[in-house]
Amino acid sequence: MLSHGQVVRLIFGLKLRELRQERGLTPAEMARACDVSVSYLNEIEKGKKYPKADKILSLSKVLGVSYDQLVSLTLSRRLEPISELLQSDLLKEFPLEMFGLDPLRIVELIANAPAKMNAFISTLFEIARNYEMRQENFFLAALRSFQEMHDNYFEELEQDARTFVVEHGLATTESFDRSGLERVLTEQYGYTLDRSGLAEYAHLGRLRSVFQPKSRRLLLRQGLSGAQEGFVLGREVAFNYLGLKDRPYVNASFPVRSFEEVLNNFKASYFAGALLMDEETLVRDLTALFAAPTWEPAALLALLTRYDVSPEMFMQRITNLLPRHFGLQSLFFLRFDQANASADYRLTKELHLSRLHNPHGNELHEHYCRRWISVRLLAELRQQPPAAEGPAYTLGAQRSRYPNGDEYLCLTLARAGTATEPAVSVTVGLLCDDTLSQKIRFVTDPTIITKEVNETCERCTIPDCEVRAAAPLEVERRQRQQELQAAVAALVNEA
């Protein structure tokens, strides 16, 4: 990340270069007038050096501006986007080093071609405004890129989880001993667990937990399932055991304060998943599941019961292990939410390994394809009468074939309550290729239906789709554009 000093030097250098050029002075003329070397002036303009007060005063006199004007962090209107980016929390907190980028190289790019970088940055800002993107969107996108760089597998966190289990004598053969996590939190980290306190705050909705750092009190919502509570406790252990300081204090999606907070929350969640679903044990269970010649949804549901975890936790966990242990790098993870039966389907989480797979998020307010199993299962569940014991999970499998020829084996777990209650589905999609055929025997099971799918209804060319939610407006627009282009070409080439 760029330090405050780097930002100050770069802004000063950009301003100095712009003023010098406006006055029609060459670097040699400017250096001679201020009694400095050309190389030193060049380093100042590139943001590598910051002159002392007497040199700043000399520069300001030659340029005909005040001392205060020259040292202020305000750039001209022409370079305003660069100033806005440099002084924003986004660039100060963005982990450039984590992606192998040298902050000094970024500074050099901006200093060497400020006009071109300004145009590029202005374009990014305009796109962000048009799509209503916030700082947290960039942080979350950076996190997803970080996960993709590592195939979503982090050996150090896996080892930390194994070490913690051994140090505290916890068993991993069956469903994880959550009482051991509670004991560590209370005895080693001084926590107080309150399982009734959140009931006093009805306006907080359905927050699962809130941590009060001053009193070290962890408020847990009443009625949490064992899986939900285990995950919350595992995250709290991780924040302490791994020494993660910047952290969220609620178990929910809230506006984030920094990328460090986003990254630490991911690490804590990964650690919790590794605790609750031991790597070696789960790999053995998945190997047995994949060796079956036919698709057995009951076998997958049995794993959920054995590990006593939520479907989302389980599906996210297998995205950690499939690339490393099964060589299945081409995969995606999706989570869809629907607030009630009449609400839109919202893609609230996604991850793509090896490339951007279909389906993926669409921010154009279009209708996601209703043929996706992620959406189809939710719609089917909405049509069923609610179960007396509350919403249960339904498991489905589908081979989804896209217009570009890609085909994915999609495994989905979905749950829906009454028409006024929320619904959710989680999906792992695996690219159908030779590797998948070798690793998962049931991929060719004829009971797994194959469906032609697309991205959104507005972009879909499937004729007479039985579940179309909107007209193919984008397809029609492109067709009109092609017809216009053909007509113009014919007119231009007319003899």
Side-chain angles (χ1 to χ4, degrees), residues 147-148 150-155 157-159 161-162 165 170-176 227 230-231 234 269-335 349 351-354 357 373-374 377 393-400 407-414 425-445 447-448:
Q147 292 174 257
E148 292 160 12
H150 296 273
D151 283 337
N152 202 30
Y153 180 87
F154 297 87
E155 176 62 47
L157 293 174
E158 298 283 354
Q159 184 59 52
R162 289 192 290 267
V165 167
L170 303 176
T172 60
T173 52
E174 299 297 334
S175 60
F176 195 82
F231 182 70
S269 299
Y270 189 107
F271 181 92
L275 282 182
L276 299 175
M277 291 165 279
D278 173 66
E279 178 179 15
E280 182 179 348
T281 307
L282 183 53
V283 167
R284 184 170 61 247
D285 288 339
L286 290 175
T287 301
L289 177 72
F290 295 159
T294 58
W295 164 234
E296 299 290 347
L300 183 51
L301 289 172
L303 291 182
L304 283 179
T305 302
R306 181 185 307 172
Y307 287 96
D308 192 18
V309 292
S310 71
E312 181 171 354
M313 292 163 56
F314 184 84
M315 298 297 243
Q316 292 217 51
R317 180 61 174 148
I318 68 175
T319 66
N320 303 144
L321 305 181
L322 291 180
R324 170 58 66 96
H325 295 283
F326 297 90
L328 300 174
Q329 279 94 5
S330 294
L331 62 82
F332 63 77
F333 170 88
L334 305 175
R335 171 185 166 133
K349 284 187 182 179
L351 177 69
H352 301 266
L353 299 188
S354 83
H357 303 277
I373 188 172
S374 307
L377 278 186
Y393 282 96
T394 295
L395 180 59
Q398 174 178 305
R399 289 177 67 119
S400 297
E407 189 169 321
Y408 294 89
L409 172 65
C410 299
L411 305 178
T412 297
L413 281 150
S425 71
V426 287
T427 299
V428 170
L430 306 167
L431 183 66
C432 294
D433 55 13
D434 291 341
T435 302
L436 186 68
S437 299
Q438 294 169 9
K439 298 297 182 179
I440 300 183
R441 288 186 62 195
F442 63 75
V443 68
T444 56
D445 186 344
T447 64
I448 299 177

For R324, all residues meeting side chain to side chain contact (heavy atoms under 4.5 Å, CB included), sequence neighbours excluded:
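Testing R324 for side chain to side chain contact (heavy atoms under 4.5 Å, CB included), a comparison that skips the adjacent residues, returns Y153, E155.
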Inter-residue atom distance [X].[atom1] - [Y].[atom2], 0.5 Å rounding:
X    : Y    : atom1 : atom2 : answer
T427 : L411 : OG1   : CG    : 8.5 Å
S437 : L409 : OG    : CG    : 10.0 Å
F154 : N152 : CZ    : CG    : 6.0 Å
D308 : M277 : CG    : CE    : 10.5 Å

Using only atom types and a distance under 3.5 Å, with no angle test, would you say the side chain of S425 pairs donor to acceptor with the backbone of A414?
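No; judged by distance alone, with no hydrogens or angles, the pair does not exist.
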Basic-acidic side-chain contact under 4.0 Å: R162, E280
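E280 and R162: not salt-bridged.
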Ion pair check, R317 and E158, cut-off under 4.0 Å
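Salt bridge flag = yes for E158 with R317.
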Which word best sums up how the rings of F442 and W295 line up, parallel for under 30°, tilted for 30 to 60°, or perpendicular for over 60°?
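Rings of F442 and W295: tilted, as their planes differ by 30° to 60°.
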Plane angle bin for H352 and F332 - parallel if under 30°, tilted between 30 and 60°, otherwise perpendicular
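Judged by the thresholds at 30° and 60°, the geometry between F332 and H352 is tilted.
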Sub-4.5 Å side-chain heavy-atom contact between P293 and D445:
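Heavy-atom side-chain distance check fails, nothing below 4.5 Å.
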Stepwise side chain to side chain contact (heavy atoms under 4.5 Å, CB included) check, K439 with T435:
CA-CA 6 Å; K439 298 297 182 179; T435 302; 4.2 Å; yes
For D285, give me all partners under salt bridge (charged side-chain N to carboxylate O under 4.0 Å, His left out), at least two apart in sequence or on another chain.
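Partners of D285 under the salt bridge (charged side-chain N to carboxylate O under 4.0 Å, His left out) test: R306.
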Test item: side-chain donor near acceptor, T281 and E279, under 3.5 Å
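Looking only at side-chain atoms, E279 and T281 do not form any donor-acceptor pair under 3.5 Å.
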S354 and S330: side-chain hydrogen bond (donor to acceptor under 3.5 Å, both in side chains), yes or no, with the steps?
CA-CA 5 Å; S354 83; S330 294; 3.1 Å; yes
Under the side-chain hydrogen bond (donor to acceptor under 3.5 Å, both in side chains) criterion, do S400 and Q398 qualify, and how do the steps go?
CA-CA 6 Å; S400 297; Q398 174 178 305; 2.9 Å; yes
